[in-house]
Structures are given as C-alpha cells and as structure tokens.
Engineer: 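This is the structure I have questions about; it appears just below.
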4 protein chains.
Amino acid sequence: MKAAVLNDYNQPLELEERPEPEITRPNQVRVKIEAAGVCSTDLHAIDGQLAPAGMDVPRVLGHENGGRVEEVGDLVTSVKVGDPVLIYPPHSCGVCVNCRRGRDMHCEHHEFTGLSLDGGFTEYLVVGEREIVPLPAWMDPVEVAPHSDAGITAYHAIKKVAHLMAPGSTTVVLGAGGVGHIGLQLAREMGNGTVVVVDPHPGRRKLAEDLGADWAVDSDGVVEAVWELSQGRGAALVLDFVGTDQTHADGLGMLGLQGTYSMIGFGGTITAPSVMLVSQEQSLVANLVGSWTDLWDVLQLHAAGKITLKTETHPLDDINEVLGRLREGDITGRAVLLPHANGS
Amino acid sequence: MKAAVLNDYNQPLELEERPEPEITRPNQVRVKIEAAGVCSTDLHAIDGQLAPAGMDVPRVLGHENGGRVEEVGDLVTSVKVGDPVLIYPPHSCGVCVNCRRGRDMHCEHHEFTGLSLDGGFTEYLVVGEREIVPLPAWMDPVEVAPHSDAGITAYHAIKKVAHLMAPGSTTVVLGAGGVGHIGLQLAREMGNGTVVVVDPHPGRRKLAEDLGADWAVDSDGVVEAVWELSQGRGAALVLDFVGTDQTHADGLGMLGLQGTYSMIGFGGTITAPSVMLVSQEQSLVANLVGSWTDLWDVLQLHAAGKITLKTETHPLDDINEVLGRLREGDITGRAVLLPHANGS
Amino acid sequence: MKAAVLNDYNQPLELEERPEPEITRPNQVRVKIEAAGVCSTDLHAIDGQLAPAGMDVPRVLGHENGGRVEEVGDLVTSVKVGDPVLIYPPHSCGVCVNCRRGRDMHCEHHEFTGLSLDGGFTEYLVVGEREIVPLPAWMDPVEVAPHSDAGITAYHAIKKVAHLMAPGSTTVVLGAGGVGHIGLQLAREMGNGTVVVVDPHPGRRKLAEDLGADWAVDSDGVVEAVWELSQGRGAALVLDFVGTDQTHADGLGMLGLQGTYSMIGFGGTITAPSVMLVSQEQSLVANLVGSWTDLWDVLQLHAAGKITLKTETHPLDDINEVLGRLREGDITGRAVLLPHANGS
Amino acid sequence: MKAAVLNDYNQPLELEERPEPEITRPNQVRVKIEAAGVCSTDLHAIDGQLAPAGMDVPRVLGHENGGRVEEVGDLVTSVKVGDPVLIYPPHSCGVCVNCRRGRDMHCEHHEFTGLSLDGGFTEYLVVGEREIVPLPAWMDPVEVAPHSDAGITAYHAIKKVAHLMAPGSTTVVLGAGGVGHIGLQLAREMGNGTVVVVDPHPGRRKLAEDLGADWAVDSDGVVEAVWELSQGRGAALVLDFVGTDQTHADGLGMLGLQGTYSMIGFGGTITAPSVMLVSQEQSLVANLVGSWTDLWDVLQLHAAGKITLKTETHPLDDINEVLGRLREGDITGRAVLLPHANGS
C-alpha cells in the first residue's frame, strides 16, 4: 500500500510502498483509511520538535483518521466489518487508573497514532479496539475525520470552562484556524455569553462570522478592542488556539477580574507578576488533546447539526503541497487527505 | 475446590466440590480467593429478590472478594502472579460509552460476580483484568475485602454529595451496619459538618461513636432529635443506608431547607407531595454500587489510615451460620469468609 | 391610585382607589408600575391555597412588575429617578447567611411582593433597593416584566441541571405555558442535547416549535414517545413545569438510567418504590423561584436575543377577564397588565 | 481614644489620641475593638506598597478585628448591643452584581478596613452592618480575630480547589506562617490526600506537624523531596502562601501531571513556557482574600474544633515591637493586639 513517510526531519514526506498491516492481537481492528486530516502538529513533527513527545523517524504521519472497519480480532465487540469509524489517536490500555477515570490521553502506556506510531497518511491501519469510535451508519468518515484531534482538542478545553461563559460575559477566541474554527462554534453552543473571535486573516474572520461569532476582529489592537467590546469588564474567558509570546501577552492583557486564560495552542513563554494575577484573582488553564468520550460528544454535536467543519479534500499524492499551503497560512478550515481517491 | 452454592431460593447454601476455573481468554486473571465478605445482598439473593437483576440458580454467591493472582492471560499488563488484589464485582467491557466515562457499573454488557455470575464463596475465581484492583504489596486482602462492594457503595454515594456537608451543616447517617459504618467514616472524612448516626442497636451506636460520629442516636424519635441537634435547621444531607418505608419517611421528615435525601439502602416506597419538596427546594438522590475508581479511592483512604473496617472472620464451612446471624442483626461491622482457612 | 384588590378568597379582584405609597426608609425606591405579568400563582392566591405561604387578604396581587424609578431614598446607590427597572419579588435583608450566599429567596426575613405584601396590580409600589433590578436604558419594562417570576423560576431550575443536558442526551420539557415557554428556550440555549416539549394544546406546541424545540408532542402517550425519540435511552432530564399526579408519574416513567426529574410546577404526589430509583440511579430535584442574580442573568440572555417572551398586553381594568382566560388555558405565553394604559 | 497611626511610609506607627467614631448612617454598627491581628500586609502597607490598592496616609492600620457591639443604627437587624463580632474587612454595598453573587471582595464600591479606611489598631470602629460577622455568644473575639483576614484568605483559596485533594493525592503547602498555618489545617480537613508542609523555620515545621501535616520539610531541596514523597507522581496541588520567584519556580517544579498551582502569597514573577504547562495539562489559580460567607464558614470549622489558631497577645502599645518581630520572622502563628488591655 502507499504511505507518506517522514524519513528525516525538515524533509518533504516521501510516498513509498509498504506492506499492509495485519491484526496480531485479538483486541485489534483493521481500518481502511478513507480520510486523514492535516494538522499543524504535522508541521511541528516535520520540524523535529516532537522528539521529546516520543516521536522518531521514519514515521508515517497522520492522526485525524477515519474510514471503515476491514477486519476485527476475536475479542472485539463494539464494531463489525463495514462500520464507519474514526480513530482516536491516543492509545490507552483501559486498565490503568487514568484510563479508568476516562482520561485516556494520560494512560500510563501512552502512544499516539501518527507521532509515536505510524499514522493514517496511508491506506490501512491496525489499532486497538479502545482507539475505535463508531460512527452512525449514515455518517461519512471524510466529513468528520478532523474531529479526531482538532475537534477533541477544542472540546476538551472548552468543556472544562463552559461554566465561565455566563450570560452577559465575554469570551475571546484567539485564532480561527483548524482547531479554532471548531472552538468558536463550541463557545457559542456551550456558553451563554458573547463570543469575540480574533484572527489576522480576513478570510478566517469571515469564516468566524459565518459560524456564529458575535464579533470577528483583527489581531492588531485587540487588547483595547476587547476592553471596549466588553464595556470595560474585560474577558471572562480567553481561549488561545495560537500560543505565541504575543498571544500569551494579549490574552492576559484582555482578561477581566476573575477571568480565566486557557491555552490550547502553545509555543511562547508566559510571564506574569503574581501580584497582577492575585489582585485580579485570575486563572491560567492548559489543555492537552481530549478523551475518547470527548470525541464521542463532539460527534453527537456534529450529528445534531450544532457544529460543522470547514474542510477541503485532496488526494494523498498532494500531501507535500498541502503541507506547504498550511505552513503559509493559506488553508481556511481543515485540509483532509483521501488515501484511496482516484487519480491520487 | 470447595464452593458454597445456592441451589434453590430460600434454601441454605450447600458446600460442594467443583472443578477449578481456567483462564479461557487472554485478558483474564485467575485469583486464589483469600477473603469473601458476607453482605445483606446475599440474603436478598437467597430470598429470590434478585431475579429481576439477572440472577439465576444454581449460583455460587460472594461479591466482596480478595486474594492473590494465581495466573494471568497473555494480554494482562497491570498485575502479575502473587500480587494481592480485590475483585471489583461489576464486569465491564471497557469500550462502551458508560465504561469510557468511568461508569463501569452501567456497562452495556453488565454482569455481577456473585449474582449473575458465580462468586467468591469458593477457592478460585477467573475474572477479566478490568475487574482486578491491585493492592499495595503490604496490604492483606482479608483486611479490605468488604470494600469491594460495601466500601464503594458508601463512597460512590457520598462523593456525589460531599459538597453538601458544608461547615456548620448537619449530615445524618441512617444505619451503622456493614455499609453504614464505612459511610459514617466517609461523611466525617469527606465532609466538613456535624455527623449524626442513627441506629436502633446500642452496639452499632457504640461503634459509630468509636469511628468518629459526633452523635449516635436511637431510631425512636429521631426526626425530632435531628431538628433539635441541628438547632432548628434540619439536616442538609441524609444518607439512608437502610431503605424502608420508615427510614424514607424519617429521612424526608428531618430534611431542612434545600436539603438532600440520598438513598443507598432501598426497599420501601417514597411518598411525598411535590409542594413539600418544592417549597423547601429539596432533592432526592439514589445511588447504585460504585465504579472501579471508587474502589481505588477507598483503598487509598484505607491505606492512609483515614478509614477502617470492623470485620470478623470465619471459615467458609460456617457460611450458613454467618448468614443466619446477619439476618438476625447480630453482626456488627462485616463478616468475612476465609475459603482456604484451616479447619474450614 | 387604582389597585386591583383580592378582598376575599374565591372572589373577583375589585378595582379600588388607594393612597399612593411613600418611601419610609432611606434604602427604599418608589416605582411607577408600567407592567405587571399575570401568573397562575395569582389563581392559587385567589383560590386561597397560599395562606400557608404567609398570604392574607385583602391583598393587591401582582408579582411580575416592571416600571420606572420615581423616587429614591438617601442610601440608594444603584438606580436614579427615571431608570427602567424590574422588581424582584422576594424581599431580602442582605445580611443573613442565605442572602450573603446569594440565595435571596431563602432570606430569614422573607416576604414576597404580591403575595405576603401588596403587589403590582396598581400604579405605584415602594420596595427596598435589594428588590430593584436595573434594566439597560433602552429596554422597555413591558417587554420583560414576566421574567421577574416566570423567567427566574425557569432559569433557576435549569441552571442547576444544565450540565445534564449533554451532547446526545434527551431533555423533556413538560408544559409550554407561561414558565415553560421560557424553560424550553433555556434548555435549548444552556444545554447541548435534544429538547422534546410536551403540551396538550396545539397552540402551545406550535409556539414550542417556533421557539426551537426539536420535537413538540402531545401529552397522550408521551412516555412511550420519549422512549422512542430517545432511541431507547429515555430522558436524561425531565423538567416538569406542570406538577400533577399525572406529570409526576409520566416524568418518572420516561426517565432513563442515571436520569434526573426536576420539578418546577407542583401539586400532585410523588410515589416511587426506592428500588426503582436505586436500580436506575435516578435523582429528583425540586426548585423554588430564583435569586436576584438569576433575574440579572435572564435579562442578559434576553438583551442578547438568546431568549424571547411571548406576551399580550391588557389594561388593568381587564384583570378579571384575563384571570378567567388564564384559568381556562386560553392564554399562550404571558398576559401583562398595563396599569397606566389609556382607556384602562 | 488611643490609635496607632501610620503617618508616613517607612516610619514606625505613632500612638495618638483620636475622637471616638460615631454612627452617621442607620445601617452602621459601632464596635468596641477587643482584638486586632497583626498581618504581614501591615508591613507592606508601612513599606508603601499598597498605594496602588487605594491606600493613603495618615492611616490607622489593623484589618483583623474583633470585639463587641457598642451601638447599632436604626436599620440594623442582625446584631444587638453586647454581641461578640468580627469585622469582615472589605466594605460591600450589597446591591451590585458581585455583592449579589456573594463575591463581596469584588464589590464595585470596594473599601478595605485598615488599608483604604482606618482600621482596628484603636479602641472603637464604626462599620456597616454588611461588614459585621456575629459570633456565637460563648466565643471570645480575641481567640478568632485573625480569621477575619488570614482565615478567609486560606479558606477562599482552598475551597476553590478542595476537589483536587483526592484520595491518594499529594498537596503541598508552601509556608506555615500566619495564613499558612490555617491553610495546612484546612487542607487536612477539606481534602482527602497527603499534606506536605514546607517551611525553612524549624519552629514552624514543628507547628505544622502538631497541626496535622503528614510531612513537614525544609525549603532546601523541596522539589526533589516532593517528587520522592509522592512516589514520582508529583503534587496534585501546590498552595503557595509565600509568593516569591523561588516559591513560584519550586511550586511549578514539583507539580505533577494535571496538577494545579494556587497562589495566595504573591510578589515574584511567574515564568513558564506554555509547552510545559500544556504537555502536563496544568493550571495556575490566583486568589484574593475571601467573602463574608467564607469567614462565616471558617468560624463554623473553628467552633466545631476542626481547626484552631496559634496566637500570642500583646497590648496595643507594643505595636512597633510586634511589627519588628513579624518582619524578622520571629512570630510563629499570629500576634494579636488588645487595644483595651490593662497596662497598654
């Protein structure tokens, strides 16, 4: 089968032939990959920044995978051949304390499809049943594949702080990209206040407005803009989907009394005198991916029409071109690869 | 091996020879049973009241089981031969939505060791790895076996309402028996108010005082007693470990403004005009067993010396005598059977 | 000034001339009443059912009052003459523990405008500053007066259980009348699942659909309908705005595993074997009015266009006719009296 | 009456004669000050660091005040002459949204006794009824005065995160001084895990052990010590009662996966790469004083014997000597001034 492989850091992916993977344990499932979202984490992987997270090369990237069940091991009970499924990227043992608490992404035996293990920029994948998320029969995996990582990352972060988006409050979403464009919809759906989206790109601000943002404003001068839009109360909640020194400073700067700054994107350094945080009684919250049930919840919201995804599809062969456009900021929403598409 | 079997309802258990169970799936564990608690649910089982819960005869009873790992299947990662363990009684698949949320007792493929499946009133038991709770190496399974059901039942219920036991509030514990004597300790440990224990038996009231109850009072005239002890505010929380028409009525009668009546024991019928509940803004909460992580939490509290168990041990041969004493209300704390004890 | 007075139970209100009330304490506010909602609680008052709640005759009814500030006492800081305001009906001292916790409706010195004290079916009212809710300058008190009681009753109940309306869950709203038609909007806005509204009146079902209910169904056969609409899972939450023996039984009958039945309306008797509640791990929650901040929150939602009110206005002189139509079930939404309207 | 006045920053307080304050508004209370705690915030005030918080000179310091009611205004309902009381230091209007929500310390009309207004290092004080906390008749204000600020500061912070102190978890208390020695007791009482107290002074470590800390360790090498004591899991919660660059760095360094670092003391600067927080899914929480109900709750815990205070008493005349010892770190627990003591 064809696979897009990262053979060395800072190099283009290479399309190679690889043998199809086989089920080797009775609790595994073989999935025909029909869709694989392309995420900015793939860029970090290519840039060699994820070695500390357990990554190595050569590696088949791709962690937002959906498709159909091809084969199931003897112990598998929750899906059967032909079922549409997504693949939840963290591997979880199901018997450690974190797994038992539903915090699969903190499993003691953590692995991550497409980073520490080979991922979905290829035609077939074998994963454990714990990683399988059944879809309703009528749902197309291509339509929802990006929820596997982008969706749960946004949902996991927002669920934690949904009670802060009270009537009359202001929530600011920094960044309306692949994750943020889901996040702003969840803020609208799960919160009860005003949602202000901040993005330097006019196309993404337009998308934000189409998806229900109360306001979509440019990054320049955003701190003052938020204080003004919130009538001097500042933000009750800032959801930072970007994570640079600039957004860290902006996020804290627009935060009102008793406000919470929540980080989903990361990369910069937080610097804050503790007197500033204490005198305003503010909180900072950091978030990491999400759980299997977060993905299940996101799919319920999607199935009910409460949220949607903005996607564009491409054949697997175009992977390097898609990665280039992503790096340039030229993708609005999410690009999804189709490993079995004709002409690819 | 020897097993105590319920061959027909309303009959004594019969001690029979049975073949030792074998591991048949790679995710199973074989446990040598060193201790099996005797619970009033066993009486309900014998009385034939649990057929609606999926029970059938013949059945080996016993759902509060502890022992040592004898053998593990190929997929088992969390324990090894010789480890001390408890057996969490509900069986859970680990892949349905309730299991993923950590609500193992509501698994779609629910079974219950000692009720719908054969239990621990015998020498060996094979269960899935999901049912295994590892103990610290130094902990004796005999000391903690009753936590497998009694402990989690109390903990699960109390964790849900721990925030209601605020400073200055009054919590009433109805019944200081096998479950209640754990419950009162948890109310003291997890709450911040006054704990009043109610029991008709002087020996159990004495035990309640030894275990830290602020007050231990007789059941007669308890409604008035609670109003007086709470200086006219009534109970903020009532934890009913009994569950008769009488305790249901008492529990509601002693409940203050915005109070919560929580049922762990059951059997009677709740009758309440809704105007009474609405005008007092009261709540009723019902509880069922607990999760695997509830058992893990209880064991942490036990290991730290924050709670203890009052137990008495008996050889398995004495099972019918022990059941008789339990039925008569003659056991203070919990009776535990030792299937491998000498002279049994 | 003109006032509609209940001089004796089970009699029509009588329109009388009364002296205008004067400020007698420096923390009071005099309000010109521009709008007074007519609530089914007024019917209970007329029927003499509220004597236990501290009511007496003669009494000017009316507890959903809005208008403009006419005069303020020397200690008043939060409003000035001419400001549009609503009157929060419970009186609260501001210094007892319940008031300090924000539970104004459980103030130790509780009074209730329009029931234990004279209300707003008249031209002017003097209340404490604690009872005043400032409106945005542009907001017409006539438009929002029913939120003073109907709005907060719905909001207070739903806020408590909003976390139960999870993605994929089913919430059932029993009754789409004056309170329920707000409740269903709040369930839609504050929850993330499906909302099923139940009402015997086709006009109110139509209103429910217009206001965003996913389903609006007749009361006949509703238990079966809910089990079917929820694909066999039952309701995660039932919000009962009616409160009869029938709705109590229906509400419990449609409740799924771990479901919560919440009572806002009341009148019937709850009857439930505790084994049924325990084996399904269900809860019952009763609710009473709401707090001042609940009213503030509701007004934020209204101002942001997230909820609306269906109202019809009438001159004060028509009070007995309006009460008659309310009793017959002929009002959809809320009737609001205008004490200063021309021709009244 | 005698008063200890800060006439200029960085100078000793001066004992002056001042006229006794009179009630000027009907909602005020005149209190005879029997006890006034000395807090390190008084040192910050003397050092001129609190001008940004609205402070000015000349000022009578003292914000942990208790005594007896001498006189009440006409509108006062909750206390009468002779009642023992504490004075809650933040002034609150009772009618703004923050006050209504029970967040008195964030009142729009905020003042603070002993900082922005004259305080209790004197014989009499007039405050609003909203600032009065009634004590049980048998309770001596001298015994509990430090709860007015130290107690609520600890309680407010710990109540927010009490759910994080789960069975088996490790909580670290940095600093066992005036606030911290209450904090460690609350961590023990309100949490269910292990409590490790860190302090460089042997006398305060001894106090911590006497007050129930599981471990009391030196500040040197504390990060490694916590990782070891927690068996490699790190702290689930760090409560920093100190607030220097060093404790900020230590606190983050000892924090485990999904841990929370809570700041009560402040002064240094937080510096953290966001990738570190995100990859560990950690939170930072800052806290400010507490609410009136926090003080009420603390007094319930004190009255029930669940917490205690370590105090030493001095005549008001000794104020400068006491401040000097506090600055040198020579006070264990809290020093309390007695303005009416003989020989003062």
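Just so it is clear: chains get the letters A, B, ... in the order the sequence lines come, proteins before strands, and each one is counted from 1. As the structure is a computational prediction, the values presented were derived from the model and not from experiment.
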Engineer: Using 0.5 Å steps for rounding, measure from the CG atom of C/Asn287 to the CD atom of B/Gln258.
Structural biologist: 10.5 Å
Engineer: Quick check: under 4.5 Å, non-hydrogen atoms only, which of residues 91-112 of chain B neighbour chain C?
Structural biologist: B/Asn98, B/Arg103, B/Met105, B/His106
Engineer: Where on C/Ser262 is there a heavy atom nearer than 4.5 Å to chain B: the side chain, the backbone, both, or neither?
Structural biologist: neither
Engineer: Could you give the distance from CG (C/Asp245) to OG (B/Ser274), rounded to the nearest 0.5 Å?
Structural biologist: 8.0 Å
Engineer: For each of C/Pro273, C/Gly243, C/Ala272, tally heavy-atom pairs with chain B at distances under 4.5 Å, and name the one with the top tally.
Structural biologist: C/Ala272
Engineer: Specify which of B/Gln282, B/Met263, B/Met276 makes the most heavy-atom pairs with chain C at under 4.5 Å.
Structural biologist: B/Gln282
Engineer: Tell me, please, which residues at least two apart from C/Tyr261 pass side-chain hydrogen bond (donor to acceptor under 3.5 Å, both in side chains).
Structural biologist: C/Asp240, C/His248
Engineer: Would you mind telling me which of C/Thr260, C/Val289, C/Leu277 has the largest number of heavy-atom pairs within less than 4.5 Å of chain B?
Structural biologist: C/Leu277
Engineer: With a strict 4.5 Å heavy-atom criterion, list every residue of residues 38-46 of chain C that contacts chain B, or say none.
Structural biologist: none
Engineer: Work out which heavy atom in C/Leu288 is nearest to a heavy atom in B/Val278; give both atom names and the distance.
Structural biologist: CB-O, 3.5 Å
Engineer: For the interface with chain B, which of C/Ala286, C/Gly267, C/Ser283 has the highest count of heavy-atom pairs at distances below 4.5 Å?
Structural biologist: C/Ala286
Engineer: Using only non-hydrogen atoms and a strict under-4.5 angstrom cutoff, which residues of residues 149-177 of chain C touch chain B?
Structural biologist: C/His156, C/Lys160
Engineer: Side chain from CB out, backbone as N, CA, C, O: work out which of these in C/Leu257 comes under 4.5 Å of a heavy atom of chain B, or both, or neither.
Structural biologist: side chain
